[in-house]
Structure formats: C-alpha cells, structure tokens
Amino acid sequence: MSASAPPAPAAAASPTASAAALARAAALGAKLRALRAQLRRVAAMYGVVRVLLLLLGLLVASFALDRLLELPLGFRAVLVALAVVALAAASWSWLVQPVLRASRLDDDEAALLVERHFALRDELISAVQLARALGRGGEGQQGPDGVAALAPSWSPVLVGQVVAAAADHTSRLDFREAIERSGLRRSGIALLLAFALLGGAAAWRPAESWIWLQRMVLLRPVPWPRAVELEVAMEPPSGVVARGDDLVVTARALRGNPVQVELVPQLRAGGATEALPMVETRGVWRVVLSNLNEPLSFYVRGGDYTSPRFEVQVRPRPQLEELRVWVEYPEYTGLADTPPERPLPDGNLKVPVGSVVRYEARASRPLVAAAVRFGNEAAVAVRAPASLARDAGGAPRLLAGSFAVLDSTSWAFDLTSTDGFRSELAAQYALRVIPDRLPEVRLTEPARNKEVTPGAVVPLAAQLRDDYGLRAAALVYARLGAGARSGPAGAGEEAAERGAEPAEAAGIERRVPLALEATEAGADSPVPAEAAAAPPVQAVVAHRFELEPLGLRPGERVLYWIEAVDTRASAPDTTSVEPAQRGSSQRYQLQVVSPVDLERVLQGRIKRVRDELVQLARAQGASRAELLALAQGLAGASAPSAEQRRQLTYAELDQRRVEQRLGRAASEIGEIADEMAYNRVGAEGEDAWLRGIEAELTELGRGPAAEASRLLQAERQRERPEAAGLSQAAALAERVVARLEDIVRRLEKWDEYNEVLRELRDLIQMQDRIMEQTRQRARADLGR
C-alpha cells in the first residue's frame with residue numbers, strides 16, 4: 001500500500017471515526033462494483049457485435065462463392081460446417097472469454113483501471129486497500145487477498161481521513177468513463193451498415209436470397225438462375241442401358257440461346273474425359289453415346305449453365321450360360337436316342353427329319369420371359385413351348401421345351417431379363433436336317449451298254465448305300481423290241497428255279513430279288529444282311545443274269561437296272577413302297593447279237609490289242625536304245641550335263657507310259673476273256689488261253705517294266721547318275737521287248753488259226769442258207 005505521507009503514530013481509535021471511514025469506503029466499493037458490471041456488459045456487447053460481423057462476412061462470402069461457382073452439395077455442406085466451427089471459435093474468443101475475464105475482475109483491478117483513466121496517482125487504490133484493512137480489524141491479521149490488517153502503530157483516524165479524501169475526490173467522477181467504448185461504437189456502426197446493406201440486397205434480389213438460403217442453409221439442390229438454362233433428358237430415361245447399347249442425351253433451352261452445348265463424360269474407372277459437342281436441330285441439342293460397355297457419369301454445359309451430374313448404369317443383357325439337348329430319333333433310322341445322363345452340349349444339330357429335340361437351358365440373369373424363335377416356323381412342330389423355372393437360388397433362370405424337326409432352319413433364344421433388357425439372339429444355332437434320301441445304287445459291273453448273245457450269262461455287281469439301313473434290292477429288267485417270244489417249252493419253269501421269271505411281252509418289267517451282303521466300315525469281308533446285327537448302311541449285290549430262259553433273238557434289247565429300298569419299307573421287297581421311294585441305279589441295255597457276230601467283234605478287239613502291243617514293243621526298243629546311248633555318255637563324263645539330265649527325265653516318263661500301257665492291254669485282254677466266257681463264244685479253252693496272256697502282260701507290267709521305272713527314278717534323283725544303273729534299266733527294257741514280241745507272235749498265230757475257222761464257219765453258214773432257200777423254194781413249188 002502506498003500513501004502520500006508516512007503514517008502517523010498510532011492513536012487510540014475512535015469508533016465513530018472508523019465507522020465513518022468504512023461508510024465512505026462502502027460508497028467507493030459500490031461504484032467499483034457498478035464499473036465491473038458495466039465492463040461485463042460492454043465485453044458481451046462487443047463480442048456479440050464482432051461475432052455478428054463475422055457471421056455477416058461468412059454469409060457474404062458463401063453467397064459470392066456459391067453464386068460464382070455454384071458449389072456442389074458436398075462442398076456446400078463442408079463450408080457450412082467450417083462456418084459453424086469458425087463462429088463457435090469466434091464466440092468463445094470474442095464473447096465468452098472477455099465476459100469471463102470481466103466477471104473475475106476485483107476492486108483493486110477496477111480501481112487501477114480508474115486510476116489509469118483519471119490519473120489519480122494511486123489515491124483510489126490506496127483508499128480501497130486501507131478501507132479493506134480497516135474493515136478487517138484485529139492487529140496483525142491478513143485477509144485472503146494478501147492485504148494485512150492495520151498495524152498497531154497506524155491510526156484509524158488517519159486511515160479514515162485518507163479514505164474520506166479519496167471518496168471526496170472521486171465522488172464527482174463517473175467510473176464508467178474508464179471503459180474504452182470507441183471499438184464498440186465502430187463495430188456497432190459497421191454492424192448496422194452491414195445489416196442495412198444485406199437487408200437492402202435481400203430486398204432488391206429476394207429470389208436469389210431465397211435460393212441462397214435453400215442452398216447454403218437448407219442444403220437443397222436448388223440451382224442458381226442463369227442467362228442460359230437447359231433441360232437435359234436421356235433415352236432411356238432411367239439411365240440404365242444394356243451393354244453395347246447406345247444412350248441418347250438431349251438438351252432443350254428453357255432460357256437463353258447458347259452458342260455451343262457439350263457433354264462432358266466421366267468413366268467410373270477414372271478414364272480421361274473429353275467433351276463431346278452436341279448437335280443442334282430446331283432448338284434441341286443431341287449427342288449419342290454409342291456402344292456403352294462400362295458405367296459412367298456426365299454433365300451438360302452451355303453458356304453459363306452446367307447441369308447436375310447424371311449417372312449411367314451399364315448392365316449385361318441376358319445370355320445363355322448352359323444348354324443341354326437331347327434328340328429322340330425316328331424309329332426308321334434305327335439310331336439310339338441321346339442318353340438322359342449324357343446330353344449334347346451344343347445346339348448346332350444335324351438330325352434326321354422327324355427327330356424330336358428336347359432342350360434345357362440356364363440364363364445368365366433372372367428372366368421375365370423366354371421363347372425360342374425359328375428362322376422358318378414351318379420347319380418345326382413345337383411340342384412344348386419354352387417355359388421358365390427357378391434355379392436353386394430361387395431366381396427364374398431355367399427354361400425348357402421341345403420341338404420336332406421337319407426341315408433345316410435356325411433356332412435362337414429370345415430372353416427378357418427382369419430389368420427389362422431383351423436379347424432376341426441370346427444364342428443362335430443351326431439346325432440341319434438330314435433328309436431320308438433314297439438308297440444310292442451304283443452298278444459296278446458291267447456298268448455300260450454291252451453286246452451279248454442270246455445264251456449269255458451276264459455277271460452283275462452293284463454297290464448300295466443308305467443313310468440309315470438297306471432293307472431289300474432287286475434286279476429289274478424289261479425286253480425291248482417287237483416280236484418277242486416266250487421261248488421253248490419248259491423255259492419258264494427252268495428260269496423260276498434259277499430265280500428269274502419267264503419272258504413275257506416286250507416292255508413289261510420283271511424283278512429278281514437280290515441278296516444283300518453288308519460291307520460296313522471295318523468289316524473284313526461282306527456278310528449276308530440277315531446275319532448283321534442291324535440293317536446294313538452299305539452293301540453289295542452280285543447276280544448272274546441268265547438270258548437264255550428269256551428266248552431272246554438277235555436284234556432285241558434288254559433294259560435293266562437295280563433297285564433298293566431302305567428301312568422305311570414295310571417288307572423286304574422293293575415293291576413294298578412306291579416307286580418314288582425306291583433307289584435306282586443307272587439304266588443300261590444289253591444288245592442281243594448272234595454268237596458269230598459277237599465273236600467277230602471280240603476278234604477285232606484282240607487284233608487292236610495285238611497292234612497296240614506291237615507299237616509298245618517298238619517304243620520299248622527305242623527307249624532301250626536311248627538308255628544305252630545315255631549310259632555310254634555318262635560313263636566318260638565327270639558330271640551329267642543339263643541335256644543328259646533332261647534325257648534321263650524323259651526316259652523315266654517314257655518307261656512309266658510303257659508300264660501304264662501294259663496294264664491297259666492286260667485289262668482289255670481280261671475283259672475279252674470274260675465276255676467270251678459268259679457269252680459262250682469262241683473255241684473251247686480260248687478264254688483260258690486269253691487269261692494266260694492277261695497274266696503275262698500283268699506280270700510284265702508289274703515286273704520288269706515297273707522295275708525299270710524305279711531304277712530310272714533312282715538314277716534321276718542321284719546327284720551323279722551312274723551308267724551301271726542305266727545299263728540295268730536297258731537290260732530290263734530288252735526283256736520287256738522280247739516278252740512282247742513273243743506274245744505278239746502267239747496272238748498272230750491264234751489270229752491265223754481263227755481266220756481259218758471263221759472261213760469254215762462262213763462256208764457252213766452259206767451252205768445252210770442255200771439249203772434253207774432250196775427247201776423254201778421247193779415247198780413253194782410243190783404248193784403250186
């Protein structure tokens with residue numbers, strides 16, 4: 001405690017003086033308490049004004065930011081949260097803490113505040129502290145504020161005088177003037193001006209103020225008004241498209257007339273985006289997002305307008321994940337149906353006509369509808385339309401049905417998923433029908449028109465094939481030409497015993513059943529069809545067609561062919577089905593000639609073979625000479641020249657031609673021998689003699705001639721052909737020439753012998769004709 005003069009010695013205290021001093025001190029304390037209350041009010045007002053100014057600033061800032069940038073909802077929510085935090089922090093710093101500090105202010109701090117403002121030179125603070133010490137009484141006591149009671153040597157009277165002097169000096173002072181209010185006044189004026197400006201702006205633009213309130217306070221998605229406003233639409237409107245489909249986006253101007261409108265896409269995967277210009281037509285801007293395969297979002301901008309972001313979902317169309325097929329084959333095919341435990345995994349089918357196809361499938365997505373569409377509805381007969389069923393998870397993804405196949409077509413699944421996507425060709429398959437074709441019949445012997453004698457036994461052979469199985473086959477023939485006769489007595493019975501039928505009028509078809517011999521793939525040899533486990537798919541027939549029972553005459557013809565029927569026939573008889581359902585071979589004719597005429601024809605063919613062998617011997621001899629010359633040239637050369645190699649190549653080709661011509665000659669001789677045998681012409685043993693010639697020619701072609709060809713080929717392939725190899729080939733060629741010349745000599749002798757026989761036959765025939773003419777003339781003369 002300080003005072004203007006040291007205290008006087010203590011005197012006896014007067015109770016009246018002490019009470020008066022305390023009364024004056026109480027008046028000072030009341031004024032200080034009023035000061036502290038005023039300080040709290042000023043701190044609160046100042047804090048409120050500053051917080052309100054901050055609030056108004058935040059409002060103005062948020063309005064400007066949102067109006068210029070049109071902040072998205074999330075960003076606005078963050079700004080609101082930051083504003084609340086800022087206001088809370090400002091309220092604590094500018095309002096709560098100053099008020100608390102003012103509430104904790106004591107008399108000493110209040111007195112010091114007054115001292116500093118009025119420059120009292122510690123008079124007031126001393127009076128306050130002395131009055132508090134005087135009020136405690138008791139010597140040597142110390143209060144909780146650390147101020148001791150009056151010392152015993154101090155006079156209460158003097159203390160009372162100090163307090164009274166301070167009270168008198170400050171009685172005319174207003175302690176509230178010590179409070180600094182200039183900042184509060186300035187802040188208040190600023191607050192009033194801010195409220196006036198904001199109120200005027202709100203009254204001037206109430207619509208925008210209301211939009212700001214909804215956007216920043218209520219956080220509603222209300223757009224700001226612009227010079228340009230667009231209405232954006234999508235097709236489909238839901239924004240959910242099937243994978244691979246297109247999305248059409250249109251924008252129509254509700255306000256303004258933008259120069260350019262563009263769509264800005266953003267892939268979900270974070271891919272780069274590039275604005276797509278939209279094309280304007282009659283006030284509507286349009287763009288197509290083609291072949292969408294992943295989800296995306298986009299917004300449309302034009303002028304000062306930017307639309308909200310639109311989300312596009314991409315979902316797959318329904319597809320088939322699994323298909324199981326069972327085929328029930330028609331009975332006539334003899335095929336086993338598809339086992340229930342081993343269904344076919346593919347819908348591409350090749351089935352016989354009349355087959356029934358049963359299917360079960362599973363779709364990739366839940367379905368609301370499913371159907372099977374056919375390329376040609378008339379090609380099938382639907383037995384059970386596609387029906388939906390639920391899988392183990394309860395989703396309608398399973399479908400099943402069946403249909404009968406009548407013709408080739410395509411079939412596909414038409415699926416519609418629960419989200420409305422349709423796959424008209426969820427899976428498409430080919431359905432190829434194997435028609436029940438007629439059996440294929442091919443005559444292999446004789447397989448051409450031939451000249452035969454009336455007593456010939458013609459060997460016939462044919463190969464038969466059917467898709468599913470052969471049932472029966474028959475030889476069909478008919479006599480052609482006028483004047484046909486039944487033949488000698490008993491001929492019909494004899495023919496019946498041989499399996500033929502008696503001759504009848506010309507043009508009537510007759511049938512001879514033929515035995516089928518199965519030739520299935522892998523079989524070692526043909527087996528009778530009756531012994532096969534199932535009707536054979538492939539078979540051969542063989543038959544000796546005897547013409548003698550038919551009583552044919554030279555000049556007549558026999559038309560013949562072979563028919564076959566498949567397993568659709570009700571009986572093993574070619575006539576058990578209509579002619580249109582019978583397989584037939586090509587038709588051939590047998591021209592009936594006299595044995596003498598046929599023998600003359602065959603003799604002419606033998607002469608042609610002989611002439612061919614003569615030319616062949618000459619060609620082989622010339623080839624031998626060339627080989628010897630070539631061998632001689634190679635013997636003294638270090639390497640063959642290009643010309644020598646060319647000659648060697650030609651020599652090999654010539655030798656192979658000799659080999660082929662020998663084979664053709666042997667085949668022709670064998671055929672002549674066969675025709676002699678089954679036509680019963682020529683001298684006894686003549687056909688056997690010709691078969692010996694055939695065997696010789698065959699052995700010659702496959703032996704020396706073929707060996708010479710192989711030697712020449714080996715030498716040609718050598719880098720340096722050897723003369724020894726060519727000489728060996730020339731020796732083989734010489735053997736071929738010698739054998740050919742021998743065969744030619746034998747054929748010439750045979751021809752001379754047959755020439756004598758032919759002349760004798762001609763004389764006999766001439767004598768017979770003369771005698772027949774004589775008898776006829778005699779009968780005619782006697783009849784007159």
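Panel note: side chain S423, backbone L425; no donor-acceptor pair is recorded below 3.5 Å. Under the 3.5 Å distance criterion, the side-chain polar atoms of S62 are matched with a main-chain donor or acceptor of L58. At distances below 3.5 Å, at least one donor-acceptor pair connects side-chain atoms of E280 with backbone N or O atoms of G283. At least one donor-acceptor pair under 3.5 Å links the side chain of N449 to the backbone N or O of Q589. Of the possible donor and acceptor atoms, none in the side chain of D566 sits under 3.5 Å from a partner among the backbone N and O of P439. Although no hydrogens or angles enter the test, the distance criterion places no donor-acceptor pair under 3.5 Å between the side chain of D246 and the main chain of V288. Side chain of T409 to main chain of N376: a donor-acceptor pair is present (N/O by atom type, distance under 3.5 Å, no hydrogens or angles). S585 places no side-chain N or O within donor-acceptor distance of the main-chain N or O of W561, the cut-off being under 3.5 Å. Between the S402 side chain and the R358 main chain, no donor and acceptor come within less than 3.5 Å of each other. With hydrogens and angles disregarded, a donor-acceptor distance shorter than 3.5 Å links the side chain of T338 to the backbone of V327.
Residue R342 places its CZ atom among 12 or fewer non-hydrogen atoms of other residues, nucleotides or ligands, all under 6.0 Å distant. More than 12 heavy atoms of other residues, nucleotides or ligands shown are found within 6.0 angstrom of CD on Q717. Around CD of E377, the count of heavy atoms belonging to other residues, nucleotides or ligands within 6.0 Å exceeds 12. Heavy-atom contacts from other residues, nucleotides or ligands closer than 6.0 Å to CZ of R243 number more than 12.
For F310 and Y299, the distance between ring centers is not under 6.0 angstrom. A centroid separation of less than 6.0 Å is found between the aromatic rings of F403 and W411. Checked against the 6.0 Å centroid criterion, the rings of Y477 and Y588 do not qualify as a close aromatic pair.
For the pair D419 and R365, the minimum side-chain heavy-atom distance is below 4.5 Å. Counting only heavy atoms from C-beta outward, the side chains of V356 and Y329 never approach each other to under 4.5 Å. Proximity of Y468 to D436: side-chain heavy atoms (C-beta onward) are separated by under 4.5 Å at one or more points. Between V558 and L480 the shortest side-chain heavy-atom distance does not fall below 4.5 Å. When side chains are defined from C-beta on, D346 does not count as touching V325, because their heavy atoms never get closer than 4.5 Å. Contact check for L399 versus F413: side-chain heavy atoms found under the 4.5 Å cut-off. Side-chain contact between F298 and Q266: absent, with no pair of heavy atoms (C-beta onward) separated by less than 4.5 Å. Between L398 and E360 the shortest side-chain heavy-atom distance does not fall below 4.5 Å.
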Legend entry - salt bridge (Lys or Arg N to Asp or Glu O under 4.0 Å) between D466 and R437, worked out: CA-CA 8 Å; D466 187 71; R437 294 174 294 188; over 6 Å; no
Legend entry - From CA spacing to verdict: side chain to side chain contact (heavy atoms under 4.5 Å, CB included), M278, V249: CA-CA 9 Å; M278 302 179 71; V249 181; 4.3 Å; yes
Inset, instruction - Quick one: do R317 and D245 satisfy side chain to side chain contact (heavy atoms under 4.5 Å, CB included)? Show the steps, please. - result: CA-CA 10 Å; R317 291 184 180 273; D245 278 4; 2.3 Å; yes
Inset, instruction - Evaluate the side chain to side chain contact (heavy atoms under 4.5 Å, CB included) criterion for residues V314 and E294: first the C-alpha distance (whole Å), next the side-chain angles of each, then the deciding distance (0.1 Å), finally the verdict. - result: CA-CA 6 Å; V314 178; E294 56 181 303; 5.6 Å; no
Inset, instruction - Tell me, with the steps shown, if V458 and L590 meet side chain to side chain contact (heavy atoms under 4.5 Å, CB included). - result: CA-CA 9 Å; V458 182; L590 299 176; 4.0 Å; yes
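Taking every heavy atom of both residues into account, S417 and V368 meet most closely at O-CG2, 3.5 Å. Nearest approach of P236 to V241, heavy atoms of both residues: CD-CG1, 3.6 Å. Considering all non-hydrogen atoms of both residues, A564 and L464 come closest at CB-CD2, 3.3 Å. What you find for P330 and G354 is that their closest heavy atoms are CG-C, 3.6 Å. Minimum heavy-atom separation, A473 to L516: CB-CD2, 3.7 Å. The two atoms that bring E578 and R582 nearest to each other are O-CG, 3.4 Å, heavy atoms only.
The distance from the CG atom of L438 to the CG atom of D467 is 10.0 Å, given to the nearest 0.5 Å. Rounding to the nearest 0.5 Å gives a distance of 9.0 Å between OG of S584 and CD1 of I562. For the atom pair CG of L59 and CG of L55, the computed distance is 4.5 Å after rounding to the nearest 0.5 Å. Between the CZ atom of F63 and the CD1 atom of I211 there is a distance of 9.0 Å, given to the nearest 0.5 Å. Distance check: E331 CD to R568 CZ gives 13.0 Å after rounding to the nearest 0.5 Å. Rounding to the nearest 0.5 angstrom, the gap separating the CZ atom in R76 from the CG atom in L65 is 12.5 Å.
Looking at S297 and R309, their side chains do bring a donor and an acceptor atom within 3.5 Å of each other. R656 and Q713 share a donor-acceptor pair across their side chains, judged by distance under 3.5 Å alone.
Salt bridge status for E563 with R511: present, with a side-chain N to carboxylate O gap under 4.0 Å. For R471 and D573, the salt-bridge test fails: no basic side-chain N is under 4.0 Å from an acidic carboxylate O. Salt-bridge formation is detected for the pair R301/E262: a Lys NZ or Arg NE/NH1/NH2 atom is positioned less than 4.0 Å from an Asp or Glu carboxylate oxygen. Ion pairing of R362 with D391 is absent here, as no side-chain N (NZ or NE/NH1/NH2) approaches a carboxylate O to less than 4.0 Å. Using a 4.0 Å cut-off between a side-chain N of Lys or Arg and a carboxylate O of Asp or Glu, E321 and R397 qualify as a salt bridge.
Under the ring pair (Phe, Tyr, Trp, His ring centres under 6.0 Å) criterion, Y560 pairs with no residue at all, not counting sequence neighbours.
Checking V300, L263, T250 one by one against V232, the side-chain contact (heavy atoms from CB on, under 4.5 Å) holds for a single residue, V300.
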